[in-house]
Amino acid sequence: MDKQLLAHMANRYGTPLYAYDGSMMEAQYNKLKNHLPEGFEVFYSVKSNPLLGICQYLRQLGSRIEVASLGELHIAFQAGFDADDIIFTSPGKTREELEYAVRQRIYCINVESVEEADRIDEIARSLGQIVRIAIRINPSFNISGAGMKMTGVPTQFGIDQEHVGEAIQAIQSLSHVDLAGIHIFTGTQILDAGNMVANMEAIIGLFLELTENYSIRPDFLDLGGGFGVPYFAGEVPLDMNKLREGLAEVWTTYKDQLNGVRIGVESGRFLLAESGVFLTKVLYTKECKGSKYLVCDGGSNQHASSAFLGRYVRNNFPMYLLGKEGDAREEVNVVGSLCTPTDVMGQKVSLPPAEPGDILVIDKSGAYGLTHSPVLFLGHALPAEVLHVDGAFHVLRERGKPEDLLRGQHPLQLESHLQGV
Ligand SMILES: Cc1ncc(COP(=O)(O)O)c(C=O)c1O
């Protein structure tokens, strides 16, 4: 994003702040959509950023939506998505979540076990409905090249390929579910287009094998995704031309056999990571036992990914200081204000000399930023989140207030033995 614009946003909305660029989101959405074979649909994975305004924006761009909780399902409806464009995936859907999804007649519930299918069948029977479900499979192949693998290894996700035949037969015996789809999500942060294509081809192969072996006629194939973005030195962007050519070739081979099947891919990171930045102000600069620190007003409580929490690589996110361009550099640790040594957003980062009041920008923060962070830890208010699009600013989340920490809490009403202690 333009640096002057960011400086303006930091000034106008304060820090810490998430700033999003609508034109970049649009470009990423179109890039993905236009490199997929015609007719493939993109389902936005809300988990990567559950801001209502972002969901609305992506819907206007043409996206469908993938949710993973009742909260996300509510956001999807609030954002105006048709039930027919919503799919629901999660290994631990509660009865309440399933019942709501069934009542709302969403397009497909991706089930992760036969027990879950049984539960849906029971709910559907009590409501007099037939519910579309897809089986999520944990395949035996593992060619994803993903930064974080979800298949081919033991996980809580899906049904093992070795047991999928039994699962299909068990599900076929249920009277109120329609085995309408197959879903495989192999992992996230895939940067190799060849792997991505091989992966999707293997998924299509498995889909066709299952339809033939078990005489099922699913009309939905969720190919997953995991489209990555380069965060760190040495990582290269996904080669989109190679992806397009590879998928086009696969599609030519299989499209007749997949005639009438709705094909979806899921994406969060690719659509959003590069469309947002995190802005935080340097509060203090200090030195401790030979190391330099920039102590900032935002931290891992608001941007856990940057602080290596739950990430697969311990590298610094790309970051820079607004308005500081010179050649002079120093090695600093960028930290937040939490009372824990893990609150480090950048380790030994080379930056121009900083002073209190400077604004630090952490790039590639549009996905898995606030949503992936332990926001209650130490009770700081939530940062504001603002979208810039077509020359206008849209506050999508107001800055929180210190008293928000008390929301939903009840004072202890104890007339107890402790009184007078
Ligand atoms: C089932 C499923 N779909 C979609 C996604 C989104 O992945 P990404 O943000 O890499 O596109 C994930 C991420 O973990 C996932 O588990």
Side-chain angles (χ1 to χ4, degrees), residues 1-25 49 51 231 272-287 291-308 315-338 343-370 372-373 375 378 380-389 391-402:
M1 282 172 90
D2 177 77
K3 291 181 181 168
Q4 273 184 351
L5 186 74
L6 290 178
H8 173 74
M9 289 173 86
N11 195 30
R12 180 161 169 186
Y13 298 103
T15 56
L17 174 76
Y18 275 95
Y20 301 99
D21 176 0
S23 59
M24 182 69 182
M25 272 177 220
N49 192 323
L51 277 173
Y231 287 90
L272 288 189
E274 291 173 309
S275 310
V277 299
F278 183 60
L279 302 173
T280 177
K281 184 160 59 190
V282 177
L283 297 175
Y284 303 99
T285 60
K286 67 189 287 188
E287 212 169 311
S291 292
K292 292 197 167 168
Y293 290 85
L294 306 185
V295 185
C296 300
D297 62 358
S300 59
N301 49 329
Q302 293 147 345
H303 196 339
S305 303
S306 71
F308 318 127
N315 276 331
N316 293 318
F317 267 51
M319 57 183 81
Y320 58 90
L321 288 163
L322 273 183
K324 299 250 155 139
E325 305 285 350
D327 286 339
R329 299 267 144 177
E330 57 183 18
E331 197 174 81
V332 292
N333 299 307
V334 178
V335 303
S337 58
L338 307 185
D343 188 20
V344 181
M345 295 180 286
Q347 264 176 10
K348 297 187 177 169
V349 192
S350 172
L351 289 174
E355 48 203 306
D358 283 347
I359 302 292
L360 182 105
V361 182
I362 304 186
D363 241 332
K364 312 220 178 196
S365 298
Y368 304 105
L370 192 59
H372 193 241
S373 305
V375 292
L378 272 83
H380 289 276
L382 292 185
E385 301 193 74
V386 178
L387 172 72
H388 178 253
V389 63
F393 298 104
H394 303 265
V395 177
L396 300 184
R397 185 193 301 280
E398 275 176 28
R399 178 167 305 290
K401 299 186 177 62

Measure the CG-CG distance between D358 and L360 for me, rounded to the nearest 0.5 Å. 9.0 Å
Output for pair (S275 OG, K364 NZ), nearest 0.5 Å, gives 11.0 Å
If you round to the nearest 0.5 Å, how far is CZ of R399 from CD of E385? 10.0 Å
So, taking the atom named CG in L17 and the one named CZ in F278, what distance separates them when rounded to the nearest 0.5 Å? 8.5 Å
Heavy atoms only: give me the nearest N316-G346 pair and the separation to one decimal. OD1-CA, 3.2 Å
Would you indicate whether the side-chain heavy atoms of L351 and L294 approach each other to under 4.5 Å? yes
Between the side chain of N333 and the main-chain N/O of K348, is any donor-acceptor distance below 3.5 Å? yes
Where is the tightest heavy-atom contact between A307 and S300, given as atom of each residue plus distance? CB-CB, 3.4 Å
Can V295 and V335 be said to form a side chain to side chain contact (heavy atoms under 4.5 Å, CB included), step by step? CA-CA 5 Å; V295 185; V335 303; 3.9 Å; yes
Can you see whether Y18 engages N49 through a side-chain donor-acceptor pair at a distance of less than 3.5 angstrom? no
Between the CG atom in N315 and the OG atom in S306, the distance rounded to the nearest 0.5 Å is 12.5 Å
Just wondering, are more than 12 heavy atoms of other shown residues or ligands nearer than 6.0 Å to CD in E398? no
Any residue meeting ring pair (Phe, Tyr, Trp, His ring centres under 6.0 Å) with H388, in chain and number order, not counting sequence neighbours: F393
Exactly one of V334, L283, L279, T15 clears side chain to side chain contact (heavy atoms under 4.5 Å, CB included) with C296, and that residue is V334
Walk me through whether L322 and Y320 qualify under side chain to side chain contact (heavy atoms under 4.5 Å, CB included). CA-CA 6 Å; L322 273 183; Y320 58 90; 4.0 Å; yes
Take Y13 and V395, measure what side chain to side chain contact (heavy atoms under 4.5 Å, CB included) needs, and give me the verdict at the end. CA-CA 9 Å; Y13 298 103; V395 177; 3.5 Å; yes
Are any side-chain N or O atoms of D297 and backbone N or O atoms of K281, one a donor and one an acceptor, separated by less than 3.5 Å? yes
List the atom of L321, the atom of A354, and the distance in Å for their closest heavy-atom pair. CD1-CB, 3.7 Å
Parallel, tilted or perpendicular: which one describes the rings of H372 and Y368, with boundaries at 30° and 60°? perpendicular
Verify, without hydrogens or angle tests, whether R329 (side chain) and V349 (backbone) share a donor-acceptor contact under 3.5 angstrom. no
I need the minimum non-hydrogen distance between D363 and F317, along with the two atoms involved. O-CD2, 3.4 Å
Report the residues that fulfil side chain to side chain contact (heavy atoms under 4.5 Å, CB included) with A367, sequence neighbours left out, ordered by chain and then residue number. S48, L272, A273
Contacts table for residues 1-11: side-chain donor-acceptor under 3.5 angstrom, sequence neighbours left out:
residue : atom : partner : partner atom : Å
D2      : OD2  : Q4      : N            : 3.2
D2      : OD2  : L5      : N            : 2.9

Heavy atoms, side chains only, cut-off 4.5 Å: are L370 and R397 in contact? yes
Is there a side-chain contact between M25 and L387 in this structure, where contact means two heavy atoms from C-beta onward sitting under 4.5 Å apart? yes
Smallest heavy-atom separation, E274 atom then M24 atom, equals O-CG, 3.6 Å
To the nearest 0.5 Å, what is the distance between CG on L382 and NZ on K401? 11.0 Å
Answer yes if the side chains of S373 and N301 hold a donor-acceptor pair under 3.5 Å, and no otherwise. no
Checking the side chain of Q302 only, and the main-chain atoms of A381 only, is there a donor and an acceptor separated by less than 3.5 Å? yes
Minimal non-hydrogen separation, H303 against S365, with atom names: NE2-OG, 2.8 Å
